[in-house]
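Below is one structure; the comments refer to it alone.
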2 protein chains.
Amino acid sequence: MGVKGKEGKVGRRVTSKEVAAALGVSPATVSNAYNRPDQLSPLLREKVFEAARELGYAGPDPVARSLRRRRVGAVGVLYSDRLSYAFADPAAVEFFEGVSVATEEAGLGMLLLPGSARGARDPEAVGNAVVDGFVIYCMADDDPLVDVVLERRLPVVLVDHPGVEDVPYVGIDDEGAAAAAAEHLIGLGHRRLGVVSFELTRQMTGGLADLSRPERATFGPSRARLRGYASAIRQAGLPVSEVPVYECAESTREEGRVAAEALLGMESRPTALLCMSDQLAFGVLEAARDLGLSVPGDLSVVGFDDVAEAGRTSPPLTTVHQSHVEKGLLAGRILVARLGEDEPPEAGLLPTRLIERGSTAPPG
Amino acid sequence: MGVKGKEGKVGRRVTSKEVAAALGVSPATVSNAYNRPDQLSPLLREKVFEAARELGYAGPDPVARSLRRRRVGAVGVLYSDRLSYAFADPAAVEFFEGVSVATEEAGLGMLLLPGSARGARDPEAVGNAVVDGFVIYCMADDDPLVDVVLERRLPVVLVDHPGVEDVPYVGIDDEGAAAAAAEHLIGLGHRRLGVVSFELTRQMTGGLADLSRPERATFGPSRARLRGYASAIRQAGLPVSEVPVYECAESTREEGRVAAEALLGMESRPTALLCMSDQLAFGVLEAARDLGLSVPGDLSVVGFDDVAEAGRTSPPLTTVHQSHVEKGLLAGRILVARLGEDEPPEAGLLPTRLIERGSTAPPG
DNA sequence: CTGAAAGCGCTTACAG
DNA sequence: CTGAAAGCGCTTACAG
């Protein structure tokens, strides 16, 4: 295994200066041995490595090197909430996957940073993050961490957070996609719709509301989707203010269940539910089963995202497809290109489409 | 939104020295304004912040600060393979989730680093990673990156990679857990077993082998599980060399399908399959369905991990439960404690248990 | 309450 | 092919 036991020990740092001294050469020569082999004889280089090995010098200190070179070799990914929440959300995980492809292509690390939502402790982590640039993912318009990042004047790419001047933006047409989902249901003949929503603001008032004031949402995608649902419903001549919206604290199955129970317990029960994520829709499916409601016989359900499991539920989920992997990949590549002064790929909106599967049908 | 447009721009770095000069104070005072409010008058402190705002100084440079303080505020997580592969594996994602809880508790970032497997490009990324310590997850015994990390003499925790002196190790009793899975099947009356295995070595010979030489595996958990299966089978008086083992390149449903097709196509078809992960088992379930084999009627299947979806397949999967979240959390907390010179929680083996669900039954 | 000095560990022109 | 010098941007005793 090549491990000599003591290597596992946490040791005093050995510096290039000490290696140089042991060899009677200058620190520049030690540095050159690691960074510019052409600047010294192969023999001397070998001697440097040998002395390094003996003294336990593992090569130039990454922090000092980063300071000198003005380059760290890592990008930060800022997420609105706790990371543990992100890892529990397949959509976020797929996004990370996409970013990781881009960073690996470039030989960079990917530093995951917790956002400021719900008790994340240390906003300093973002200001102090040792990175060359940032991907900002899914933050509320008024999240102070966005400004903390912007003020650092590093290259930044914004994802699902429109509206900052001069910063590349990657997203989808949330409004159009949501409208398409609602139109699908309306086309099927549904007249009593309900919405299972993401959180709308960082304050998360939560619970039941209606579709009449999309603008109060400070999360861009939530706002746009509410707008899309509302416009399709209005177009159909239905009263928007009578469409119940349940705001979920998190995009989880559990929250989807809770929302479904609230919505399906109403006097005038919706015959179809529009969900802002597949996770929420999965919870709705579970709740419907528990309530003895058949899907799509008694209730139609539309998701959003088209994560892998959407094709495997019973019934399989009708949903709006978007590629979170592509989103992460594009954002990552734009950032990487900007770090290297390369011509970045064009930022913009990725395509979506409605995937009709088994969870929607005309009302019973 | 508090964004003044130009903040999004990538700018020349403004330094504390410039802020100090603009104000006619020393850089130490600027530093104190940010780091030790008690060291200067509130008024002066306000002036410093004002000058900083005007000049576009976003606070002390994280890299320089890290060099000076000998502390970065991030831990590295080293994974054997491409990160995009990790993100596609629920077990790895749950592990990351656990680590992230520990890093968030401590206000640290989490730097994800790609391993050296299958064309990961840049081993330098690990040697250069700007972190205070490492979690090494799931690496082969002979992976050179392990030594690269160990040589840096930073605090390290090893996960699912036993056998490095003086380094805390977190894992499970893979051998015992695997033996329990095999015993369950044998107890049910199965005599013709097959194994759907992880990759055994970094070279990944792949395809079919048998259970007679567990020791050739250089991935610790794979080796231990093979050993566990073999010992239970030997105990039952069955010939170990007649148990087919299919080595999968990755822990994915697709690979599980391919393995199942190979194993179930053999002249003397196994009546039960032991899978090293739930992902592989899910693929086996799909393949069985495609082949017209009923589970557990015609074929029993045992997984490993007990990821969330294991309870939702049809039939629900009998599997070995382990908590990847706890694994990550413990590893993360040990590392964090060692960074802070706190007394770390005890390293060691986490519990496992066999969860009997619907995918196993006596042979038909 | 404020500042001068030393130094964290390295790399990069530049001179020889 | 090798080395002396400057400096990346900051923080921390320490002296006043």
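No experiment lies behind these values; they were computed from the predicted model shown. Computed over heavy atoms, backbone and side chain alike; hydrogens, waters and symmetry mates excluded. Every chain is numbered from 1 and lettered A, B, ... according to where its sequence line falls, protein lines coming before strand lines.
Taking CZ of A:Arg338 as the start and CG of A:Leu154 as the end, the distance is 10.0 Å to the nearest 0.5 Å. Taken from CG in B:Asn32 to OG in B:Ser16, the straight-line distance is 11.0 Å, to the nearest 0.5 Å. Distance CG/B:Leu108 to CG/B:Asp132: 7.0 Å, rounded to 0.5 Å.
Take A:Ala51 and apply the side-chain contact (heavy atoms from CB on, under 4.5 Å) test, not counting sequence neighbours, and it matches A:Val19, A:Leu23. With sequence neighbours excluded, the residues forming a side-chain contact (heavy atoms from CB on, under 4.5 Å) with A:Asp342 are A:Ala337, listed by chain and number. With sequence neighbours excluded, no residue satisfies salt bridge (charged side-chain N to carboxylate O under 4.0 Å, His left out) with B:Glu94. The ring pair (Phe, Tyr, Trp, His ring centres under 6.0 Å) check on A:Phe134 picks up nothing, with sequence neighbours excluded. With sequence neighbours excluded, no residue satisfies side-chain hydrogen bond (donor to acceptor under 3.5 Å, both in side chains) with B:Arg68. Under the rule for a ring pair (Phe, Tyr, Trp, His ring centres under 6.0 Å), the partners of B:Tyr57 that lie at least two apart in sequence or sit in another chain are B:Tyr34.
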Validation: residues 69-78 of chain B side-chain donor-acceptor distances under 3.5 Å, sequence neighbours left out:
from: B:Arg69; atom 1: NH2; to: B:Asn35; atom 2: OD1; distance (Å): 3.2

List the atom pairs, donor and acceptor, that lie under 3.5 Å between side-chain atoms in residues 38-49 of chain B and the rest of the protein, sequence neighbours left out.
from: B:Ser41; atom 1: OG; to: B:Leu44; atom 2: N; distance (Å): 3.1
from: B:Arg45; atom 1: NE; to: B:Ala33; atom 2: O; distance (Å): 2.8
from: B:Arg45; atom 1: NH2; to: B:Ala33; atom 2: O; distance (Å): 3.3

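Consecutive Watson-Crick or G-U pairing (both distances under 3.5 Å) extending over three or more pairs maps onto DNA chain D as C:1-3 with D:14-16, C:5-12 with D:5-12, C:14-16 with D:1-3.
Between A:Arg82 and B:Ser100 the shortest side-chain heavy-atom distance does not fall below 4.5 Å.
Between A:Phe96 and A:Phe87, the ring planes lie perpendicular to each other; the angle is over 60°, past the 30° to 60° tilted range.
A heavy atom closer than 4.0 Å to some atom of DNA chain C occurs in B:Leu67, B:Arg68, B:Arg70, these being the qualifying members of residues 64-74 of chain B. Near DNA chain C, meaning a heavy atom under 4.0 Å from it, residues 30-43 of chain B has B:Asp38, B:Gln39, B:Leu40, B:Ser41 in order of number.
Each of A:Ser26 and B:Val14 has a nearest nucleotide on DNA chain D; the 5'-most of these lies closest to A:Ser26. Each of A:Pro62 and B:Leu44 was assigned the nucleotide of DNA chain C with the nearest heavy atom; the assignment lying further toward the 5' end belongs to B:Leu44.
Bracketed by its first and final contacts, the part of DNA chain D lying under 4.0 Å from non-hydrogen atoms of chain B reaches from D:dG9 to D:dT12 in 5' to 3' order.
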